[in-house]
Amino acid sequence: MTEAVENTGAHGQEPSRRDFIYIATGGALAVGGAFTIWPFIDQMNPAADTLALASTEVNIGELEEGQEITVIYRERPHFVRRRTAAEVESARDVDIASLPDRDARNFNLGDGVPATDENRSAMTAEIADGVEIEDALRAALLVTSANCTHLGCVPTEGAGDYGAWFCPCHGSHYDTSGRIRRGPAPENLSVPVMTFTSASVLRLG
Amino acid sequence: MSGPSTYEPKTGFTKWLDARLPVVRLGWDSFVDFPTPRNLNYWYTFGGILTVCLMIQIITGIVLAMHYVPHIDHAFASVQRIDRDVNYGWLIRSIHAVGASMFFLAVYMHIFRGLYYGSYKAPRELLWILGVVIYLLMMAAAFLGYVLPWGQMSYWGAMVITNLLGAFPIIGGPITEWLWGGFSVGNATLNRFFSLHYLIPFLIAGVVGLHVWALHVPGNNNPTGIEVKSNRDTLPFHPYYTSKDGFGIALFMVIFAFFVFYWPDALGHSDNFIPADPLVTPALIVPEWYLLPFYAILRAVPDKLGGVLLMFGAIGILFVLPWLDTSKVRSMRYRPLARWFFGFFVVACLGLGWAGAELPDTPVPGLGAIGVDFLLLGRVLTIYYFAYFLVILPVLGFVEKPSERPASIEESVLGNTSKPAPAAVPAE
């Protein structure tokens, strides 16, 4: 071929029906390939029965002041602590600006809410219709994920510089509101979605 | 380097086969008649040892999979049953568990050998890169396999490593959940880890095939780092290196057997005899010894994402090593300065392993008095680790004056008869 011809196909000819077939087949392969791969990727995501296990009920009626229990919610341990008045007070006295993570990390509230102790406590839990529950109890109750936000260890209770939780593995200190104060962990312990379904039952999820 | 094939089928059947599937010819040209530098020392035996290690792991692994149950309620008990009730289960499980450590011991010898003699340099860059791919796959297989017994260290090791991925912004959360198949490390995770643990050895075998192929095109490097120039520089692989490697493998097997029969749990962690408990974390979560240096690098950085990136970078940097080392001389035998820095590098790697095994704020014995804890030690050694690749090797190529090299491999072994009183170079 010596002259440049406009609108030529791969073989220097006018686009033919064969070119169309090539491109259409390639396109079908790409789209079909993507559709085929997706089920093999998505099968790794949590299965329906796993997702269905998404709520746990906690009996808080017998929880005494200063007592802490650990419950499993969504396969993960969670701290449920009825804090003493002193613990609540020390958590409220903290200047939010001094916190490494200023977000409440509370699934009851959504993103971008300041990490005040009120925003982290069970004050934010929903209350089912007809249920009466004392404000003092709601303010004292703290429910958080029990996995350190650094690498997922379970911090020990009543230890560390802030008298609440301490992860010995890599040295993260949490305060009585479950907020990260010192150490490598990037985030506050998260607060799950909660509802008081009766005066003594708190449902997570 | 491999010239025209010298294989001549003799029997009727081999002639028939050779015309249809010349697989015997391939084996003959690759492992019998293959021209190999005559000066390879015992550091080169680890290639053969590694082949044996891979076969041992695959065979014992297939057997163990016949008895192991990948379910969180049964996994721990099934491993105990293998140890106590299955015929010779105690032996096969120990061979597999000790074998993992032996595999890594051998691969580290193999890697440091390559680093010292410049085996990663042109024309063997791809050979080196395939080796790093194998090393990565080995680490993945080892991690996945370590989770399977579902002991405390298994479970929490999995928890810590999978949580690392959460460090990546935005995609981190969904990716970890995808990897777990749930809200945490759980049954779905164990199940898929078992499946993948069974798959990866076959991927390794495939890449080993490519690795050997990429070795046989340019041929072996050797301790002098000088290319083969004539037939007098080489020996046929068989019987010279089959017998030499055979002897090395036999010695290695003595060490292997010592651990299997007398100290089978020495290289594991005692916490793995406690069934996994998602509610209680062990006081100190440590990986297996062969991953400790990378764990120390991870902890050296106070930032989660930074630590993760640096840890992956520590392995990723090996991929570009062939282009970081600017020296024209391949073997460090003739690089007086590089030898020293390489020696420090080996010490740094061992030191990182030590730092990774201890709690970060524990004082280093002997140095605690001047305020050195394992975190600081890990940080200093991490800096050296990266400086070795990013600063020392690139700069050395320009400033170092290499010592005189022999004219050929033959001369380095047999001496040059044309020179008066040749300096005695020990034949290795």
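Here is the naming used below: chain letters follow the sequence lines, and residue numbers restart at 1 for every chain. Just so it is clear, the structure is predicted and the values come from calculations on it, not from any experiment.
Considering only residues two or more places apart in sequence or on other chains, E126(A) meets the salt bridge (charged side-chain N to carboxylate O under 4.0 Å, His left out) condition with none of them. Applying the ring-ring contact (aromatic ring centres under 6.0 Å, His included) rule to F183(B) yields no partners; only residues at least two apart in sequence or on another chain are considered.
Residue contact with chain A, scored on non-hydrogen atoms closer than 4.5 Å, involves the backbone of P302(B) exclusively. Looking at A47(A), only its backbone comes within 4.5 Å of chain B, counting heavy atoms on both sides. Heavy-atom distances place the side chain of L359(B), and not its backbone, under 4.5 Å from chain A. Proximity to chain B (any heavy atom under 4.5 Å) is restricted, for I72(A), to the side chain, taken from C-beta onward. Only the side chain of P186(A) comes within less than 4.5 Å of a heavy atom of chain B; its backbone N, CA, C and O stay farther away. Neither the backbone nor the side chain of A188(B) comes within contact range of chain A; no heavy atom of the residue lies under 4.5 Å from a heavy atom of that chain.
In this structure, the separation between CD1 on I285(B) and CG on L151(A) is 8.0 Å, given to the nearest 0.5 Å.
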Listing needed: what donor-acceptor pairs below 3.5 Å join chain A with chain B?
from    : atom 1 : to      : atom 2 : distance (Å)
I41(A)  : O      : W178(B) : NE1    : 2.6
M44(A)  : O      : R192(B) : NH1    : 2.9
M44(A)  : O      : R192(B) : NH2    : 2.9
R76(A)  : NE     : F183(B) : O      : 2.8
T149(A) : O      : K304(B) : NZ     : 3.0
H150(A) : O      : K304(B) : NZ     : 2.7
L151(A) : O      : N163(B) : ND2    : 3.2
V154(A) : N      : T281(B) : OG1    : 2.5
V154(A) : O      : T281(B) : OG1    : 3.4
H170(A) : NE2    : Y295(B) : OH     : 2.9

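Closest heavy-atom contact between G182(B) and P46(A): N-CG, 3.7 Å. Nearest approach of V154(A) to P278(B), heavy atoms of both residues: CG2-O, 3.6 Å.
Crowding of D95(A) atom CG: a count of heavy atoms from other residues, nucleotides or ligands under 6.0 Å exceeding 12. Within 6.0 Å of atom CZ in R18(A), 12 or fewer heavy atoms from other residues, nucleotides or ligands are found, so the atom counts as exposed in its surroundings. Counting heavy-atom neighbours within 6.0 Å of I41(A) CD1, excluding the residue itself, gives a total above 12.
Counting heavy-atom pairs closer than 4.5 Å to chain B, the top residue among G152(A), A146(A), P155(A) is G152(A).
For a heavy-atom cut-off of 4.5 Å, chain B lies close to no residue in residues 193-205 of chain A.
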